[in-house]
Amino acid sequence: MSRYSPAEIEAKWQQAWQEANIFCARRDEARPKYYVLEMFPYPSGRIHMGHVRNYTMGDVVARYKLSTGHNVLHPMGWDAFGMPAENAAMASGGHPKDWTYANIATMRDQMRPLGLSIDWSREFATCDPEYYGQQQALFLDFLEKGLVYRKNAVVNWDPVDMTVLANEQVIDGKGWRSGAEVERRELTQWFFRISDFSEELLEALDGLDDWPAKVRTMQENWIGKSRGLQFAFGLNDGPDGHDRVEVYTTRPDTLMGASFIGISPDHPLARQLERERADVAAFCAEARKGGTTAEAIEKAEKLGFDTGLTCRHPFDTAWELPVYIANFILMDYGTGAIFGCPGHDQRDHDFARKYGLPIIDTFLPMDAEHDIEAAPYVPLKSERVRYTRIVAGEEAQTGEAGVEAAIEFCETNGVGQGVTKFRLRDWGLSRQRYWGCPIPVVHCETCGVVPEKKENLPVQLPYDEGGTPIDFGVPGNPLDRHPTWRDCACPACGAPALRETDTMDTFVDSSWYYARFTAPRAETPTDMAEAEYWMNVDQYIGGIEHAILHLLYSRFFARAMHICGHLPEKAIEPFDALFTQGMVTHEIYQTRDVKGRPVYHLPEEVTEGRLADGTEVEVIPSAKMSKSKKNVVDPSTIIAEYGADTARWFVLSDSPPERDVEWTASGAEAAHRHLARVWRIASEIAQTPGEADPQADEALLREMHKTIDEVTKGVDSFGFNAAIARLYAFTNSLAKSQAGQAAKTTAARTLAQLMSPMTPHLAEDIWSLLGGAGLVATAAWPKPDPAMLIDETVILPIQINGKRRGELSLPADMDKSEVEKAALAHNAVVKALDGAQPKKIIVVPGRIVNVVV
RNA sequence: GCCCGCGUGGUGGAAUGGUAGACACAGGAGACUUAAAAUCUCCAGGCCGAAAGGCCGUGCCGGUUCGAGUCCGGCCGCGGGCACCA
């Protein structure tokens, strides 16, 4: 073999690794463990470049840790339940299970040539009954501990498909598939009691030092802690059982500006009125229409209905406030009722103007005019204001201090109490879907909702309908209409009963898979000895798009699993370090059709900015890869053309890992050229005897040690692009070096080692070519010799008044005063001083000299 | 609206407060070759200059410092997250 041949060497070394079984992780108390995990993929059909980047980064970490003596756990699995499988079945008549497992096989076959250091013996898919059976066991344990419960909740309901839709699946208030107007329907659903952990989940964020600050902030906002006053307005002439309206406000300092009471259409008082009065019922029905998405809400008109009832203001019982039912008030935040303060809130101001309600100020700017009728006065945080009511004329701080003062004032006067609330709501996990983990409970006429017995787990999904394949073309949940699947015996009384047909949200599947990887074949959800050894995940890597839901759910699940004895206490924060990597993007080539609509083109259709027919093509840079935009680069094609090492090298080299990287054909070619060059250089060194040259040898080895130092730091801190830049530079030096064969061999072997986490196959080949012992994958990571990192002479820039005016080559250990002398003797300095004394000389050893004149 | 983050050559980007532009892409010049490919050598922020060298330069304005891409304040622009949240 005389040239770099990735196809040959990649197959060869993958086999060598497999035969040596070096990636199989076994508990070993003698070695420090290191658990590196990338967010596992959804088996959509084929892997994409984003996967390659994600898993390559994880692989760099895993291989590096392996060579620094760690016992590395680096598993892979499949997040395999979900709607795309059902949609594919609807579209093509197949079965979600077949579709999913076929995709897994395809993607595994695509992934293996990447040469990832994965322990494939731990692989599982969340749709394996062995996995979801354990998930059902977890569910039952959670149920026993009160961590999961059933309640009524308002959901997006698609009346044609007869299923609940996630918010993301509602487009312009219509079901994304059926196009039917989505209804807000109340259903009995299962919920995880995640909101009980609000405070804890919030506070524990502080300890996650190795998480991106951005992710912590996003979770903090999501949990949404707020401080406010909860109190009641007395209700005049309310229906039976209703003599007050509870309200929560974060702005008790505006209480004197109240001008109406608003309640949710789902508020108990509204419900009561609805039953009694047709006009209320009509309004509530109208108000409930439309989805719960942000988009739908944005567009919905703010509607109010005057009930004719009035409330008494707590500080002035003669002051009467009208009670409105309003469509913008949410039942599941606060108390489902508000007081409107048009003077200090834009939405309330709009509402007041629409319904002719009074607009009252409680405070005004310190020294500016403000027309409260024209616009509400919303002070900035901590702005000083002057009060116009209650304590008229007094100055006060708004913001946190103002709120606390108002709470105190109200409490002292017997009006309500200060409370802390969270935005985080309980996690509704019920889905009216087939392709998910069945919720393991049974509905019995006499016993009610009864948990399935653990020995009856897993409650398996039926594959067919009593011999005939399930028809996914029919709307609704196939489990609901299955002729026999629902029928079972009540686990409590033995009478005939019906199974729950809802399945779990797929986020449940991914909320504990990291724990399952520590003992994937255990007969219980986890094996505590294994979990104790392997947890936590030392480095978790994935996309920022999971910053909230997946990561928050996982944090909740780890806590819940600990409570149930399935994880040790140390694992309640399961991910010690988190890294969120950027996407792989690619240019889009776009033209327009006669109607001005965009038409997309494959890269091969475009030559020098034009199509074959001469049409000019617009190039849109850095776009997310998507099939419809025709800008997808298939990893398998790249691997076939250049080899896996080139793909790996490229996705790491061009951008910092947390940022997006643009895939370019020229960049990929350049990466490949470089790897071929490295191979060629190494092979020449092996074949070309050369005498030692003390000076050149020394210079090369010094640079080698500096490279070791910098690459190690780069790999340690996710500075892969910088590490790679250093490796390029070192390769250039090696190519030019006049050193002897021995020194060059040492340098090239070290280069192979330093490249091995990124380009493992090439590294093995060079390593063996140059007589390295064993596999480079398991060879000890090189250590820089501190003595070799310090140069004997350094080039010191000379600044005059902070501007570079020259440089001096001086011994590195030279005395500060000697350096000063040398600097003062420098031409430029002499010239600048012109005989005068310098005002100041700053010497930063080894870095710079600055002469102030 | 609220909360984050980011602005450096033609491009991706590098730079513990200490020589701005490492490394690479694209580009240019040359060597080798009948030619091409491959490979190798060199040039390359802007302006002035034959050169030596000088001046300017990290979105804009100011500040701190011997010294600012980096720290602080204000502005402009871009991107992301959240939001009828009371």
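Chain A is the first sequence line, chain B the second, and so forth, proteins listed ahead of strands; every chain is numbered from 1. All figures in this text were calculated on a predicted structure; none of them were measured in a lab.
- No engagement by Lys713(A) is indicated, since no non-hydrogen atom pair under 4.0 Å with the nucleic acid exists.
- Note on ring orientation: taking the six-membered ring where Trp is involved, the planes of His550(A) and His546(A) are perpendicular (angle over 60°, cut-offs 30° and 60°).
- Contact check, Asn721(A) against rA14(B): a side-chain N or O comes under 4.0 Å of OP1 or OP2.
- Candidate nucleotides rA22(B), rC82(B), rU19(B) were compared by shortest atom distance to the side chain of Ile548(A), and rC82(B) ranks first.
- Taking atom CD of Glu658(A) as the reference point, atom P of rG13(B) lies 10 Å away to the nearest angstrom.
- Nucleotides rC4(B) and rC55(B) are separated by 40 Å at their C1' atoms, to the nearest Å.
- Base orientation of rG28(B): anti, the glycosidic angle falling outside 90° of 0.
- Rounded to whole Å, the separation between the P atoms of rA68(B) and rA44(B) comes to 26 Å.
- Across the strands present, rA35(B) finds no partner; the criterion is a Watson-Crick or G-U wobble pair with both atom distances under 3.5 angstrom.
- Tested against Val215(A) for a side chain to side chain contact (heavy atoms under 4.5 Å, CB included), the candidates Ile548(A), Thr580(A), Leu205(A), Leu552(A) yield a single pass: Thr580(A).
- Side chain of Asp660(A) to main chain of Met583(A): a donor-acceptor pair is present (N/O by atom type, distance under 3.5 Å, no hydrogens or angles).
- Lys302(A) has its NZ atom 8 Å from the P atom of rC85(B), to the nearest Å.
- Using modelled atom types and a 3.5 Å distance limit, the side chains of Tyr248(A) and Ser226(A) yield a donor-acceptor pair.
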Polar-atom pairs under 3.5 Å, protein N or O versus N or O of nucleotides 6-9 of chain B: list them with distances, or write none.
none

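- Residue contacts for Pro656(A): at a heavy-atom cut-off of 4.0 Å it reaches the sugar-phosphate backbone alone, with no base atom in range.
- For the P atom pair drawn from rG59(B) and rG13(B), the interatomic distance equals 14 Å after rounding to whole Å.
- Of the candidate nucleotides rC85(B), rU19(B), rG13(B), rU19(B) has the atom lying nearest to any side-chain atom of Glu807(A).
- In this structure, Asn327(A) contributes its side chain and Lys302(A) its backbone to no donor-acceptor pair below 3.5 Å.
- In this structure, Arg726(A) atom CZ and rA15(B) atom C1' are separated by 14 Å, rounded to whole Å.
- Using modelled atom types, one side-chain atom of Arg648(A) and one backbone atom of Met758(A) make a donor-acceptor pair closer than 3.5 Å.
- Atom P of rC85(B) sits at a distance of 26 Å from the matching atom of rC78(B), rounded to the whole Å.
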Original post:
How does protein contact run along nucleotides 24-29 of chain B, one letter per nucleotide 5' to 3', with B for base contact, S for sugar-phosphate only, - for none, heavy atoms under 4.0 Å?
Top reply: SSS---
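- Separation of the P atoms belonging to rA22(B) and rC71(B) is 22 Å when rounded to the nearest angstrom.
- Of the side-chain N and O atoms in Arg804(A), none sit less than 4.0 angstrom from OP1 or OP2 of rC55(B).
- The distance from the CD atom of Gln230(A) to the OG1 atom of Thr420(A) is 11.0 Å, given to the nearest 0.5 Å.
- When both distances must be under 3.5 Å, the Watson-Crick or G-U wobble mate of rC82(B) is rG1(B).
- Ring pair His674(A)/Trp649(A) is parallel by interplanar angle, where below 30° counts as parallel and above 60° as perpendicular.
- Partner assigned to rG21(B) is none, using Watson-Crick or G-U wobble distances below 3.5 angstrom.
- The partner of rA51(B) cannot be assigned: no Watson-Crick or G-U wobble pair with both contacts below 3.5 Å exists in any strand.
- Leu549(A) has its side chain out of reach of Trp427(A): every pair of non-hydrogen atoms, C-beta onward, lies at least 4.5 Å apart.
- Across all strands shown, Lys803(A) has heavy atoms under 4.0 Å from sugar-phosphate atoms exclusively, and none from any base.
- Going from the P atom of rC6(B) to that of rG17(B) covers 14 Å, rounded to whole Å.
- Here, rG27(B) and rC32(B) have their P atoms 23 Å apart, quoted to the whole Å.
- A donor-acceptor pair is defined here as one N or O able to donate and one able to accept, closer than 3.5 Å; no such pair exists between the side chain of Thr759(A) and the backbone of Leu762(A).
- In a base pair of the Watson-Crick type (N1 to N3 plus N6-O4 or O6-N4) or a G-U wobble (N1-O2 and O6-N3), with each distance short of 3.5 Å, rC71(B) is matched with rG63(B).
- No donor-acceptor pair under 3.5 Å is formed between the side chain of Gln346(A) and the backbone N or O of Pro376(A).
- Contacts of Glu662(A) with the nucleic acid, taken as non-hydrogen atoms under 4.0 Å apart, are absent.
- Using a 4.0 Å heavy-atom cutoff across all strands shown, Arg425(A) reaches at least one base atom of the nucleic acid.
- Proximity of residues 837-847 of chain A to RNA chain B (heavy atom under 4.0 angstrom from any strand atom) is restricted to Lys840(A), Ile842(A), Val844(A), Arg847(A).
- Judged by the 6.0 Å and 45° rule, Arg423(A) forms a cation-pi pair with Trp222(A).
- In this structure, of rC55(B), rC82(B), rA86(B), it is rC82(B) that holds the atom nearest to the side chain of Arg423(A).
- Remark: side-chain polar atoms of Arg216(A) are paired, donor with acceptor, to backbone N or O of Trp211(A) under 3.5 angstrom.
- At whole-Å resolution of the value, NZ in Lys421(A) and P in rC85(B) are 16 Å apart.
- The nucleotide rG77(B) finds its pairing partner in rC6(B), both defining distances of the Watson-Crick or G-U wobble pair being shorter than 3.5 Å.
- We find that CD1 of Ile724(A) is positioned 18 Å from P of rA22(B), with the value rounded to whole Å.
- With both ends at atom P, the span from rG45(B) to rA20(B) equals 14 Å, rounded to whole Å.
- Comparing rC82(B), rC85(B), rG12(B) against the side chain of Arg347(A) picks out rC85(B) as the nearest.
- For Phe650(A) and rG13(B), the CZ to P distance is 11 Å, given to the nearest whole Å.
- Residue-to-nucleotide proximity on RNA chain B shows that, of Ile544(A) and Leu303(A), the 5′-proximal contact is made by Ile544(A).
- Whole-Å rounding puts the Ile848(A) CD1 to rU16(B) P distance at 14 Å.
- Across the protein-nucleic acid pair, Lys214(A) atom NZ and rC82(B) atom P stand 10 Å apart, rounded to whole Å.
- In terms of position along RNA chain B, the nucleotide closest to Arg805(A) lies nearer the 5' end than the nucleotide closest to the other residue of the pair Arg805(A) and Gly336(A).
- Contacts of Asn850(A) with the nucleic acid, taken as non-hydrogen atoms under 4.0 Å apart, include base atoms.
- Of all nucleotides present, only rC43(B) satisfies the Watson-Crick or G-U wobble test against rG27(B), with each distance under 3.5 Å.
- Within 6.0 Å of CD in Gln738(A) there are 12 or fewer heavy atoms belonging to other residues, nucleotides or ligands.
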**OP:** Could you walk me through whether His313(A) and Phe339(A) pass ring pair (Phe, Tyr, Trp, His ring centres under 6.0 Å), step by step?
**Re:** CA-CA 10 Å; His313(A) 196 285; Phe339(A) 74 82; 7.8 Å; no
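- The pair Arg227(A)-Glu404(A) meets the salt-bridge criterion, with a side-chain N (NZ, NE, NH1 or NH2) lying under 4.0 Å from an Asp/Glu carboxylate O.
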